[in-house]
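All values reported here derive from a predicted model rather than from experimental measurement. Start at 1 with the first residue, then count along the sequence.
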Amino acid sequence: ENISGHAHYELSHDLLLAPVVKSRDEARKKVAEQEAKAAEQEARNKAQEQQLAAEQREKEARLEAVKERELRIKENRSRIRYRNAAFVAFFACLAALIFGVLTIRKSKEVEKKKAEIEQQNLQIKAQKEKTDDALRTIIKARKTELIELIKLDKKAEFTQSAEKNAKLLEDVKNYEKADSTLDVIIKKLGQ
């Protein structure tokens, strides 16, 4: 009989039934074994795929961890470089600041010394002017004295002494005109 597009056989003899049932059971057993083997193989394949996928994930995780560690090492190196550069810059600024302060102090000391030297020069100049004024006063007094001596020598008719004094007076006038140093004039007057 044809039922739902499949051929069906009906056996009516008992002797034929036992071998057919046995054959059918064996065929079903083989099919079941094949299906079990196929299912087992599929399960093994699936387990193998899962194991491979797990190994792949583990590998990727390890690679990711290595990359992450390398990145952290790079970042740490960068941080260390930046920190070292910051320390160098800080100490350079500190050194420049100290050098600047020392330079300012030295320049103030130099200015102070310059002011002291200027003050000393002014004092020396004032002292020299006083000395020059005193020497001029002495020269004038000596000149006046010589003029008086010449007058007295002329009255007393000491011509030789009058001539000598006149020569001295002439030298004094020449020195004053030539603006010679007062020391030279004093030496001449002392003779």
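Within a 6.0 Å radius of NE2 in H6, no more than 12 heavy atoms belonging to other residues, nucleotides or ligands are found. Within 6.0 Å of CZ in R44 there are more than 12 heavy atoms belonging to other residues, nucleotides or ligands. Counting non-hydrogen atoms of other residues, nucleotides and ligands closer than 6.0 Å to CZ of R79 gives a total above 12. In the displayed structure, E42 atom CD is contacted under 6.0 Å by at most 12 heavy atoms of other residues, nucleotides or ligands.
Between the side chains of N45 and Q41, at least one donor-acceptor pair of N or O atoms lies under 3.5 Å. Judged purely by distance below 3.5 Å, without hydrogens or angles, the side chains of N84 and R81 never pair a donor atom with an acceptor atom.
Side-chain atoms of E33 and K29, non-hydrogen and from C-beta on, do get closer than 4.5 Å to each other.
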- request: Would you please test E64 and E60 for side-chain contact (heavy atoms from CB on, under 4.5 Å) and show each step?
  value: CA-CA 6 Å; E64 190 66 35; E60 288 173 0; over 6 Å; no
field: Test salt bridge (charged side-chain N to carboxylate O under 4.0 Å, His left out) applied to E109 and K106, step by step
entry: CA-CA 5 Å; E109 287 177 17; K106 282 293 181 187; 3.7 Å; yes
query: Does the pair V110 and K113 meet the rule for a side-chain contact (heavy atoms from CB on, under 4.5 Å), with working shown?
result: CA-CA 5 Å; V110 167; K113 290 284 183 191; 5.6 Å; no
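Atoms CD and CZ, from E70 and R77 in turn, are 9.5 Å apart once rounded to the nearest 0.5 Å. Taken from CD in E75 to CD in E68, the straight-line distance is 9.5 Å, to the nearest 0.5 Å. Atom CZ of F99 and atom CD1 of I104 lie 10.5 Å apart (nearest 0.5 Å). With rounding to the nearest 0.5 angstrom, the CG atom of L94 is 13.0 Å from the CZ atom of F87. To the nearest 0.5 Å, atoms CZ (R62) and NZ (K67) are separated by 14.0 Å. Separation of atoms CG (L52) and NZ (K59) is listed at 9.5 Å; rounding is to 0.5 Å.
The backbone N or O of Q127 lies less than 3.5 Å from a partner atom in the side chain of T131, making a donor-acceptor pair.
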